[in-house]
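What follows is one structure encoded as structure tokens, with my remarks underneath.
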Amino acid sequence: MNKYGEIRVDEMTVPLLGMATPGSEVLIQSYWDRFVILNGQHQQIREIPRPYTGRTMDVPWSQVCAGWLRKPCSVSHSQFHRMLPEILQAYVTVKDLTQRKDRLQALLHWFDIYTIEQIQETIAQLGQDTPVTRITAVLGVKYGSRDLPVTWEETLSPPGTRAEGSLQRYDQLVGLI
């Protein structure tokens, strides 16, 4: 495995970042339709299809972002950069390295929660210069799943003012009625 956490098998690069330590040795079991990658203790860490089967391999984007965070200048040289949609390619290659690190950290978080299409759509809608916090908020509102209770027990109103479905008592207290 190279220092970027990748191996080459059948002329394709396979990311193993986060699954095995960069520079360590891995074992590869070859089958007619897949490769099984094992760590030094012979435990399976990843299974990928052979290129000629026509099946695709999922890219572990969170792990790719984690690798980019260690070396933010390498983003534009990475093979995975070319796999990103154009909007996200531009988003992660901003010139300011501090801003690039912030964006990579956000992507690392977002990829664990949202699909790449949802992230791309939100950034396209809001624009490249939108702060990370705003994009995170919009993603959460638009695509976040929240386990909210069906009814909330209201406990903040003063005693005697809690009326189900009517604000008439509040109107009386304020003097509108």
Side-chain angles (χ1 to χ4, degrees), residues 1-133 135-136 138-140 143-144:
M1 179 175 353
N2 66 17
K3 64 183 179 180
Y4 301 107
E6 304 167 336
I7 60 170
R8 294 228 6 115
V9 182
D10 269 3
E11 298 180 18
M12 68 178 184
T13 302
V14 179
L16 298 177
L17 207 57
M19 298 176 205
T21 308
S24 65
E25 289 188 11
V26 294
L27 303 169
I28 302 171
Q29 291 179 336
S30 298
Y31 296 92
W32 74 271
D33 64 337
R34 70 191 186 284
F35 292 112
V36 177
I37 301 161
L38 309 170
N39 64 13
Q41 291 76 36
H42 300 238
Q43 297 168 329
Q44 180 176 331
I45 55 176
R46 186 142 193 221
E47 185 174 314
I48 57 168
R50 299 281 296 250
Y52 55 77
T53 61
R55 296 185 352 230
T56 57
M57 166 178 67
D58 291 332
V59 176
W61 287 112
S62 297
Q63 294 160 352
V64 170
C65 284
W68 286 343
L69 266 171
R70 282 194 293 282
K71 295 188 175 199
C73 293
S74 71
V75 171
S76 57
H77 304 295
S78 169
Q79 66 164 356
F80 299 108
H81 179 260
R82 293 184 298 275
M83 294 179 189
L84 284 172
E86 286 183 25
I87 290 170
L88 294 180
Q89 284 181 19
Y91 189 73
V92 297
T93 53
V94 66
K95 298 276 185 219
D96 180 20
L97 282 181
T98 304
Q99 191 176 22
R100 184 182 293 188
K101 287 179 184 178
D102 289 344
R103 290 179 176 191
L104 288 171
Q105 185 67 46
L107 278 174
L108 175 69
H109 171 72
W110 296 337
F111 281 134
D112 286 338
I113 302 170
Y114 309 107
T115 66
I116 197 167
E117 292 82 13
Q118 292 170 333
I119 297 166
Q120 172 189 347
E121 180 184 319
T122 303
I123 292 173
Q125 180 184 19
L126 297 174
Q128 294 282 334
D129 296 327
T130 306
V132 168
T133 53
I135 294 172
T136 303
V138 170
L139 281 167
Y143 301 109

When rounded to the nearest 0.5 angstrom, what distance separates OG1 in T98 from NZ in K101?
6.5 Å
For the OG1 atom of T115 and the OH atom of Y143, what is their distance to the nearest 0.5 Å?
7.0 Å
Could you label the plane-to-plane angle of the W61 and W68 rings as parallel, tilted or perpendicular, counting under 30° as parallel and over 60° as perpendicular?
tilted
Would you say the side chain of Y114 lies within less than 4.5 Å of the side chain of T122, judging by non-hydrogen atoms?
no
From CE (M12) to CD1 (I48), nearest 0.5 Å
3.5 Å
What one should report as the nearest heavy-atom pair of F80 and E6 is CE1-OE2, 3.3 Å
For residues W110 and V132, report the shortest heavy-atom separation together with the two atoms involved.
CZ2-O, 3.8 Å
Side-chain contact, heavy-atom cut-off 4.5 Å: I7 with I28?
yes
If you draw a 6.0 Å radius around CG in D112, do more than 12 non-hydrogen atoms from other residues or ligands fall strictly inside?
yes
Quick one: side chains of residues 33-41, donor-acceptor pairs under 3.5 Å with protein atoms, not counting sequence neighbours, listed by atom name and distance.
from, atom 1, to, atom 2, distance (Å)
R34, NE, E47, OE2, 3.3
N39, OD1, Q41, N, 3.0
N39, OD1, H42, N, 3.2
N39, OD1, Q43, N, 2.9
N39, ND2, Q43, OE1, 3.2

Can you name the nearest heavy-atom pair linking R8 to T13, along with the distance?
NH1-OG1, 2.6 Å
Which atoms form the tightest heavy-atom contact between R103 and Q128, and what is the distance?
NH2-O, 2.7 Å
Identify the heavy atoms of A20 and M1 that sit nearest to each other, and give their distance.
CB-CE, 3.2 Å
Using only atom types and a distance under 3.5 Å, with no angle test, would you say the side chain of R50 pairs donor to acceptor with the backbone of W32?
no
Point-to-point distance, once rounded to the nearest 0.5 Å, from CD of Q125 to OG1 of T130:
9.5 Å
Report the distance from atom OG1 of T133 to atom CG of D102, rounding to the nearest 0.5 Å.
10.0 Å
Between A66 and L108, the two heavy atoms sitting closest are N-CD1, 4.0 Å
Would you say that V92 contacts L104 through its side chain, given a criterion of any heavy-atom pair below 4.5 Å between the two side chains?
yes
Atom pair CG (L97) and CD (Q99), whose distance is rounded to the nearest 0.5 Å
10.5 Å
Throw together a table of side-chain donor-acceptor distances under 3.5 angstrom for residues 83-90, partners on residues two or more places apart or in other chains.
from, atom 1, to, atom 2, distance (Å)
Q89, NE2, H81, O, 3.2
Q89, NE2, R82, O, 3.4
Q89, NE2, L84, O, 2.9

